[in-house]
Amino acid sequence: MKRNIFFLILTVANICGFAQSTQNDNSKAPQTKKVVVTRKITTTTAKKDEAEKATSSKNNATKTETAKAKTNKNDSEQLECGYLCNPPLPYMPAKLDILFIGNSFSVDTSSALPEIFKSLGIHNVNVYVLYKGACSMKQHFDYYKSGEKVYELFRYNSSGEQLLEKATSINDVMCQFAYDIVVFQQYSLESGDYSTYEPYLSKLIQLYNINKVSPRTTFAFNETWAYSANNKLLQKYKTQANMWASICNSVKKMKANTGIDIIIPCGTAVQNARNIEVLDVDDDLTRDSQHMNLYAGRYLVACTFFESIIAPCLGVNLRNDKTFYGKPTDVGAVNDSNRHLLQNCARLAVANNYEISEFANQ
């Protein structure tokens, strides 16, 4: 009896143990499954995070490129506006001092001014020309750095032309007088190639501003003229018309990029005159296929300088000039027969710096 009871208890215990084991196994299965599911979710989340990071990096890169492009655009717009706030020309000054940083074309532009001054009774204007033949803006800058005394300094006023210095430096001349106006000019052969202007023009402006003794200075730029059709160097531009157009385009860029807004359009005035048969003397108004004819040519560019700079400052009318320039037998001598037409060519060029006028012969 006792033995039967013992086996019964043992059987019940085994059954309960099996049940407990089964229950434990069943409880483990869901946990294993849960772990697997958790790992899958973790992997998916990581991939999603990586994708989001990649997208974020791409967006950031795009934003950076956009910002750079915007900055470049702003820089470009700023450049086009010019860094120089050019003061207006002085009006009715007691005295007017002008510095021309140039070369032989600057001498051509200034040589007839004394005759105009005397004719109009102007005795308070001095035009100083810092001269070195064929000197470019790069060379002016290089000579400033070296301090070499390679220049001559001329002065033009109602007393005529005077050589003030036989050997001087651009450094010394910049601070020699209290200039009201400074005129820059490029070497004629390079005038139609804007890449030769910068950074030298900008550097010269900065160097002048460091050295100046004048409380204020207005900057101007002389637009040179194209060579005669017979000049061999003209092949650089192919034709005279192309050279003149290239000079105009370069001056336009110079004006936009520096802020020098006062242009002396000698090149356009010369093209105006070349279209009038009675004015087109010598070799396309030149004495050597480059430099102006000594009388009509020089008078024309002097009128252009006068009309651009001096007339607005002094309130003087160029029409009142009655200059006779040269002897009656000189080629291109200025007299009553051609003076009015030469003045027309200059005044129309000042009115429209970059276009040949149809009214020059009026």
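Position 1 is the first residue of the sequence; numbering continues from there. Computed from a prediction, not measured in an experiment: that's the story for all the values here.
A ring-ring contact (aromatic ring centres under 6.0 Å, His included) with H140 holds for exactly one of Y151, Y187, Y200, F100; it is Y151.
Residues that satisfy the ring-ring contact (aromatic ring centres under 6.0 Å, His included) test with Y197, not counting sequence neighbours, are Y194, F221. For the ring-ring contact (aromatic ring centres under 6.0 Å, His included) test, no residue two or more places apart in sequence or in another chain qualifies with Y299. Residues passing the salt bridge (Lys or Arg N to Asp or Glu O under 4.0 Å) test with R155: none are found, sequence neighbours excluded. Evaluation of the side-chain hydrogen bond (donor to acceptor under 3.5 Å, both in side chains) rule for D288 yields H291 as partners, not counting sequence neighbours. Legend: residues meeting side-chain hydrogen bond (donor to acceptor under 3.5 Å, both in side chains) with N344, ordered by chain and number and at least two apart, are R319. Shown here are the ring-ring contact (aromatic ring centres under 6.0 Å, His included) partners of Y227, two or more places apart in sequence or in another chain: there are none. Under the side-chain hydrogen bond (donor to acceptor under 3.5 Å, both in side chains) criterion, N335 pairs with S337, not counting sequence neighbours. Listed by chain and residue number, nothing satisfies the ring-ring contact (aromatic ring centres under 6.0 Å, His included) test with F154 (two or more places apart in sequence, or in another chain). Listed by chain and number, the residues in a side-chain hydrogen bond (donor to acceptor under 3.5 Å, both in side chains) with S289 are N231 (sequence neighbours excluded).
Separating the NZ atom in K138 from the OG1 atom in T196 is a distance of 11.0 Å, to the nearest 0.5 Å. Taken to the nearest 0.5 Å, the CD1 atom of I247 stands 8.5 Å off from the CD atom of Q271. With rounding to the nearest 0.5 Å, the separation of CG in L99 from NZ in K212 is 13.0 Å. Within the model, atoms CG of D282 and OG of S228 stand 10.0 Å from one another, a figure rounded to the nearest 0.5 Å. The distance from atom CZ of F306 to atom OG of S110, rounded to the nearest 0.5 Å, is 13.5 Å. The distance from atom OG1 of T168 to atom CD1 of I170, rounded to the nearest 0.5 Å, is 10.0 Å.
The aromatic rings of Y208 and F219 stand perpendicular to each other, their planes meeting at an angle above 60°, with 30° marking the opposite boundary.
Both the sub-6.0 Å distance and the 45° axial angle are not jointly satisfied by R287 relative to the ring of Y295.
Counting heavy atoms from C-beta on, the side chains of K255 and I260 never come closer than 4.5 Å. V183 has its side chain out of reach of I101: every pair of non-hydrogen atoms, C-beta onward, lies at least 4.5 Å apart. Side chains of Q186 and T224 form no contact here, defined as non-hydrogen atoms less than 4.5 Å apart. Between V213 and Y179, every side-chain heavy-atom pair lies at or beyond the 4.5 Å cut-off. Side-chain atoms of Q343 and L341, non-hydrogen and from C-beta on, never get closer than 4.5 Å to each other.
Panel note: side chain Q206, backbone I210; no donor-acceptor pair is recorded below 3.5 Å. T239 places a side-chain N or O within 3.5 Å of a backbone atom of N242 that can act as its donor or acceptor partner. A donor-acceptor pair is defined here as one N or O able to donate and one able to accept, closer than 3.5 Å; no such pair exists between the side chain of N317 and the backbone of N320.
Taking the six-membered ring wherever Trp is involved, the centroid distance between the rings of W225 and F105 falls below 6.0 Å.
Taking 4.0 Å as the cut-off between side-chain N and carboxylate O, D142 and K145 count as a salt-bridged pair. Using a 4.0 Å cut-off between charged nitrogen and carboxylate oxygen, D172 and K149 count as a salt-bridge pair.
The side chain to side chain donor-acceptor pair (under 3.5 Å) contacts involving residues 352-362 comprise nothing, where partners must be two or more places apart or lie in separate chains. Every pair passing side chain to side chain donor-acceptor pair (under 3.5 Å) that includes a residue from residues 111-127 is listed here, sequence neighbours excluded: D97-N126, S111-R298, E115-K118, S119-D321, H123-S158, N126-N157. Pairs passing the side chain to side chain donor-acceptor pair (under 3.5 Å) check and including a residue from residues 303-316, sequence neighbours excluded, read E307-R347.
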Between T286 and Q290, does the side-chain hydrogen bond (donor to acceptor under 3.5 Å, both in side chains) criterion hold? Intermediate values first, please.
CA-CA 6 Å; T286 69; Q290 294 182 31; over 6 Å; no
